[in-house]
*Asks:* 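Here it is, the structure, as structure tokens.
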Amino acid sequence: MFLRSHLRDGGRVPASVQPYFFLSYAHTPRFGPGGPDPDMWVERLYRDLCNHIMALTSLPAGSEVGFMDREIRSGEGWSERLGSALATCRVFVPLFSPRYFASEMCGKEWFAFAQRAIQVGAASNEKTEAIVPALWVPVPPSQLPVPAERLQFNHNTFGERYVTDGLYGLIKLRGYAEQYEHAVYELARRIVGVAETVRLKPVRPLDYRLVPSAFGPAGGAHGGPSARTLHVTVAASSRHDLPEGRSPEYYGESALEWNPYHPAAQRPVAYVAEELVKNLNYQTTMSSFDDEAGHFDSKQPPTRPEILIVDRWAVEDEHRRQRLAAFDQEHRPWINVVVPWNRYDHQSRAREDELARRLEETLPVKMGQGRAACRAAANGVASMETLGQILPQVVEAAAQQFLRHAQAYPPAGHTPTERRRLVGPMGMSDPPPAPFPPTALQHGPGRSDAADDSTDTDRGDADDSQS
């Protein structure tokens, strides 16, 4: 209770209350009734790490060395305790295994912690990484989701047997006690090194029940060539073509360097959005709206969901405003608009009503389409923290619309064949059924405009309101 009230009141959480590390792992179900608890080996690892960290640091007696989700999963207040630990711990330690990346719960834990590092990195414009992975069971690189694949971490320093067998193998197999002790000691040293270097500040806990998974909607691994993709486009000026009187301190050499939240943030918003999207298990590409103008074609099925980040000042350029208006008239519900807006930018505040009205007149369809989160994002995102909270919902809505409209392709090498049928007593089979009409399976240009409008407005919003 003290921790939650202290964060809510904006106070600083004492170091003695911050867990030094958060051990994230996938619970293993028991095999058969009354069998041994398979998670007891994880608990042994947790105790060993706590003992090493106490020896390697000057943490006072009674400090929360670590946090491990054991008994509280089904207890009262579980979501609050988990959220508080993820909002305050210094280092996140995921135990890699195939089961881990198939767990939605583990993906939620990863996402909640990674959001903190992204916010710190946005403020300093420096790479901030406080995730120290450990191999519980080795996972092939091709099976890693995007957030895990991006980690720059060398496991080889923990020992050869650790790389081939993981901590589970070392702790279970006889004869590897020395290799286990070496690996755990090196892991504890790495945790201490990161904790003392990065110094993540506590943040306001997220509502863990509403947090998305960093491993994708199904919680499975989607890394490698089959990873999902998303495109980010930025409609903004560079410092070389600003409207008259507009301060250049928010702009760079290109639209991708636009930094609306200056000076609180040092990193351009496009690159912050890229980090946030990658934390949802997407590969990303980025471009300027000025460079991409003309590539949109609503008659072609989409190849990926997209996010368009718009500076309200962009409509001051009449040529760009006309292109944005033309874009708005094309039916592309898989592209959602996000409008960052800095309440501390005095020039923007002075002209807020005027600029907001002009953008709404330019993008009336996009400003009003989709679920509530999409409309809120299009009407102004006032801070970097709010961007981190709302962008996952906007991305999810764009991904759902993409799936509704993307062209379906049969698996490679698949050719339609007649289904085998049992032969009747007279040596004859029933006549084969008529094939499905092509339009029944196609979610692309073959659909009528009326069907699109029904799916993407009234029905789409009704579905979203229940999600």
*Asks:* Counting distance only, does the side-chain N/O of E249 pair as donor-acceptor with the main-chain N or O of H262 below 3.5 Å?
*Replies:*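 Flag not set: sc E249 to bb H262 has no pair under 3.5 Å.
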*Asks:* Using a 4.5 Å cut-off on heavy atoms from C-beta on, say whether the side chain of L359 contacts that of L355.
*Replies:*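 Side chain of L355 against side chain of L359, heavy atoms only: no contact under 4.5 Å found.
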*Asks:* Considering only heavy atoms from C-beta outward, does the side chain of R375 approach that of M367 to under 4.5 Å?
*Replies:*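 No. Closest side-chain heavy atoms not under 4.5 Å.
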*Asks:* Under 6.0 Å between ring centres, would you say that holds for F215 and F111?
*Replies:*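 No, the ring centres sit 6.0 Å or more apart.
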*Asks:* Where do S213 and G107 come nearest, in terms of heavy atoms and distance?
*Replies:*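 Shortest heavy-atom separation between S213 and G107 comes out as OG-CA, 3.3 Å.
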*Asks:* I'd like to check V146 versus Q283 (side-chain heavy atoms, cut-off strictly below 4.5 Å). Are they in contact?
*Replies:*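 In contact.
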*Asks:* Quick one: do the D311 and Y250 side chains pair a donor with an acceptor below 3.5 Å?
*Replies:*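 Distance-only check fails for D311 and Y250.
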*Asks:* Out of curiosity, Y271 OH to W258 CH2, how far, rounded to the nearest 0.5 Å?
*Replies:*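 Reported value, rounded in 0.5 Å steps: 14.0 Å.
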*Asks:* Please name the pair of heavy atoms, one in P392 and one in P212, separated by the smallest distance, quoted to 0.1 Å.
*Replies:*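 For P392 versus P212, the nearest heavy atoms are CB-CG, 4.0 Å.
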*Asks:* Would you confirm whether R116, through its side chain, and C89, through its main-chain N or O, come within 3.5 Å as a donor-acceptor pair?
*Replies:*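 Here the side-chain-to-backbone pair exists.
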*Asks:* Out of curiosity, E306 CD to L230 CG, how far, rounded to the nearest 0.5 Å?
*Replies:*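 So the gap between those two atoms works out to 7.5 Å.
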*Asks:* Hey, is the main chain of V139 close enough, under 3.5 Å, to the side chain of Q143 for a donor-acceptor pair?
*Replies:*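 Flag not set: sc Q143 to bb V139 has no pair under 3.5 Å.
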*Asks:* Salt bridge or not for E354 and R358, using N-O below 4.0 Å?
*Replies:*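 No, no charged N to carboxylate O under 4.0 Å.
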*Asks:* For R150 and E275: C-alpha separation, side-chain torsions, deciding distance, then whether salt bridge (charged side-chain N to carboxylate O under 4.0 Å, His left out) applies.
*Replies:* CA-CA 11 Å; R150 296 172 56 231; E275 291 294 314; 2.9 Å; yes
*Asks:* Does a side-chain N-to-carboxylate-O contact under 4.0 Å join R323 and D290?
*Replies:*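 Looking at D290 together with R323, the answer is yes, because their closest N to O distance falls below 4.0 Å.
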*Asks:* side-chain contact (heavy atoms from CB on, under 4.5 Å) between V234 and M286: does it pass, once the steps are laid out?
*Replies:* CA-CA 8 Å; V234 181; M286 296 194 300; over 6 Å; no
*Asks:* What's the separation between atom CD in E109 and atom CZ in F67, rounded to the nearest 0.5 Å?
*Replies:*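 The distance works out to 8.5 Å.
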*Asks:* Using 4.0 Å as the upper bound for N to carboxylate O, is an ion pair formed by R357 and E360?
*Replies:*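 R357 and E360: not salt-bridged.
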*Asks:* Looking only at heavy atoms, what is the nearest atom pair of K366 and A378, with distance?
*Replies:*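 Closest approach of K366 to A378: O-CB, 4.2 Å.
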*Asks:* Can you tell if the side chain of Q369 reaches within under 4.5 Å of the side chain of N336, non-hydrogen atoms only?
*Replies:*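 Yes, close enough: below the 4.5 Å cut-off.
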*Asks:* Whether R246 engages the ring of Y251 as a cation-pi pair (distance to the six-membered ring centre under 6.0 angstrom, angle to the ring normal within 45°) should be assessed.
*Replies:*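 The answer is no, since R246 fails at least one limit relative to Y251.
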*Asks:* Answer yes or no: does atom CG of D353 have more than 12 heavy-atom neighbours from other residues, nucleotides or ligands under 6.0 Å?
*Replies:*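 No, because the 6.0 Å sphere around CG of D353 holds 12 heavy atoms or fewer from other groups.
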*Asks:* Is any side-chain heavy atom of E352 closer than 4.5 Å to one of W341?
*Replies:*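 They are in side-chain contact.
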*Asks:* Using the side-chain contact (heavy atoms from CB on, under 4.5 Å) criterion, which residues pair with V42? Sequence neighbours excluded.
*Replies:*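 side-chain contact (heavy atoms from CB on, under 4.5 Å) check on V42 returns L23, Y25, M68, L95, W136.
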*Asks:* Identify whether the distance between the nearest side-chain nitrogen and carboxylate oxygen of D241 and R320 falls below 4.0 Å.
*Replies:*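 So D241 pairs with R320 through a salt bridge.
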*Asks:* Does the ring centre of Y168 sit less than 6.0 Å away from the ring centre of W41?
*Replies:*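 No, ring centres 6.0 Å or more apart.
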*Asks:* Is a donor on one side and an acceptor on the other found under 3.5 Å between the side chain of N259 and the backbone of A265?
*Replies:*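 Yes, N259 side chain to A265 backbone: donor-acceptor pair under 3.5 Å.
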*Asks:* Would the distance check show the side chain of D39 and the main-chain N or O of H27 forming a donor-acceptor pair, the cut-off being under 3.5 Å?
*Replies:*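 No: the side chain of D39 does not pair with the backbone of H27.
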*Asks:* Between Q322 and E318, does the side-chain hydrogen bond (donor to acceptor under 3.5 Å, both in side chains) criterion hold? Intermediate values first, please.
*Replies:* CA-CA 6 Å; Q322 291 179 5; E318 182 59 24; 3.2 Å; yes
*Asks:* Could you tell me the separation between the OG atom of S97 and the CG atom of L167, rounded to the nearest 0.5 Å?
*Replies:*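 If we round to the nearest 0.5 Å, S97:OG and L167:CG are 11.5 Å apart.
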*Asks:* Any side-chain donor-acceptor pair under 3.5 Å between S247 and Q347?
*Replies:*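 No pair is found: no donor N or O on one side chain lies under 3.5 Å from an acceptor on the other.
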*Asks:* So if I apply the side-chain hydrogen bond (donor to acceptor under 3.5 Å, both in side chains) rule between Y282 and each of R228, R304, H231, which one comes out positive?
*Replies:*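 So the option named by the test is R228.
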*Asks:* So F92 and L86, do their side chains get closer than 4.5 Å, heavy atoms only?
*Replies:*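 Sidechains of F92 and L86: in contact.
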*Asks:* Would you compute the distance between atom CG of L45 and atom CG of L187 and round it to the nearest 0.5 angstrom?
*Replies:*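 So the gap between those two atoms works out to 7.0 Å.
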*Asks:* More than 12 non-hydrogen atoms from neighbouring residues, nucleotides or ligands closer than 6.0 Å to NE2 on H240, yes or no?
*Replies:*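 Above 12, so yes.
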*Asks:* Run V272 and M384 through side-chain contact (heavy atoms from CB on, under 4.5 Å) and show every step you take.
*Replies:* CA-CA 9 Å; V272 176; M384 189 68 74; 3.4 Å; yes
*Asks:* Kindly indicate whether the side chain of T157, heavy atoms from C-beta on, has any atom under 4.5 Å from the side chain of R190.
*Replies:*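 Yes, close enough: below the 4.5 Å cut-off.
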*Asks:* I'd like to know if the side chain of H155 and the backbone of Y162 have a donor-acceptor N/O pair within less than 3.5 Å.
*Replies:*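 No, the answer is negative, given that no donor and acceptor are paired below the 3.5 Å cut-off.
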*Asks:* Can we say E396 and R371 salt-bridge, meaning some charged N sits less than 4.0 Å from an Asp/Glu carboxylate O?
*Replies:*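 Salt bridge between E396 and R371, a charged N being under 4.0 Å from a carboxylate O: no.
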*Asks:* For R99, does its backbone N or O pair with a side-chain atom of S103 as donor and acceptor, under 3.5 Å?
*Replies:*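 The answer is no, because no donor-acceptor pair under 3.5 Å joins these two groups.
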*Asks:* Any chance you could lay out the ring pair (Phe, Tyr, Trp, His ring centres under 6.0 Å) test for Y344 and Y261, step after step, and finish with the verdict?
*Replies:* CA-CA 8 Å; Y344 301 109; Y261 300 117; over 10 Å; no
*Asks:* So which atom in A130 and which in R90 form the shortest heavy-atom distance, rounded to 0.1 Å?
*Replies:*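 Closest approach of A130 to R90, heavy atoms only: CB-O, 3.7 Å.
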*Asks:* Which heavy atom of L387 sits nearest to which heavy atom of V381, and what is that distance?
*Replies:*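 Where L387 meets V381 most closely, the heavy atoms are N-CG1, 3.5 Å.
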*Asks:* Does some side-chain heavy atom of P302 sit less than 4.5 Å from a side-chain heavy atom of R332?
*Replies:*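 Sidechains of P302 and R332: no contact.
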*Asks:* Scan F153, W110, F22 and name whichever one has a side-chain contact (heavy atoms from CB on, under 4.5 Å) with I131.
*Replies:*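 One option only clears the test, and that one is W110.
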*Asks:* Once you round to the nearest 0.5 Å, how far does CZ of F113 lie from CG of N279?
*Replies:*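 Here the interatomic distance stands at 11.0 Å.
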*Asks:* Is it true that R267 and E274 have a side-chain N and a carboxylate O under 4.0 angstrom from each other?
*Replies:*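 No salt bridge links R267 with E274.
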*Asks:* side-chain contact (heavy atoms from CB on, under 4.5 Å), that's the test. Do F21 and V132 meet it? Break it down for me.
*Replies:* CA-CA 9 Å; F21 72 99; V132 177; over 6 Å; no
*Asks:* Verify, without hydrogens or angle tests, whether T128 (side chain) and E126 (backbone) share a donor-acceptor contact under 3.5 angstrom.
*Replies:*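 Flag set: sc T128 to bb E126 pair under 3.5 Å.
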*Asks:* Looking at L324 and A235, what are the two nearest heavy atoms and their distance?
*Replies:*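 It is CD2-CB, 4.2 Å.
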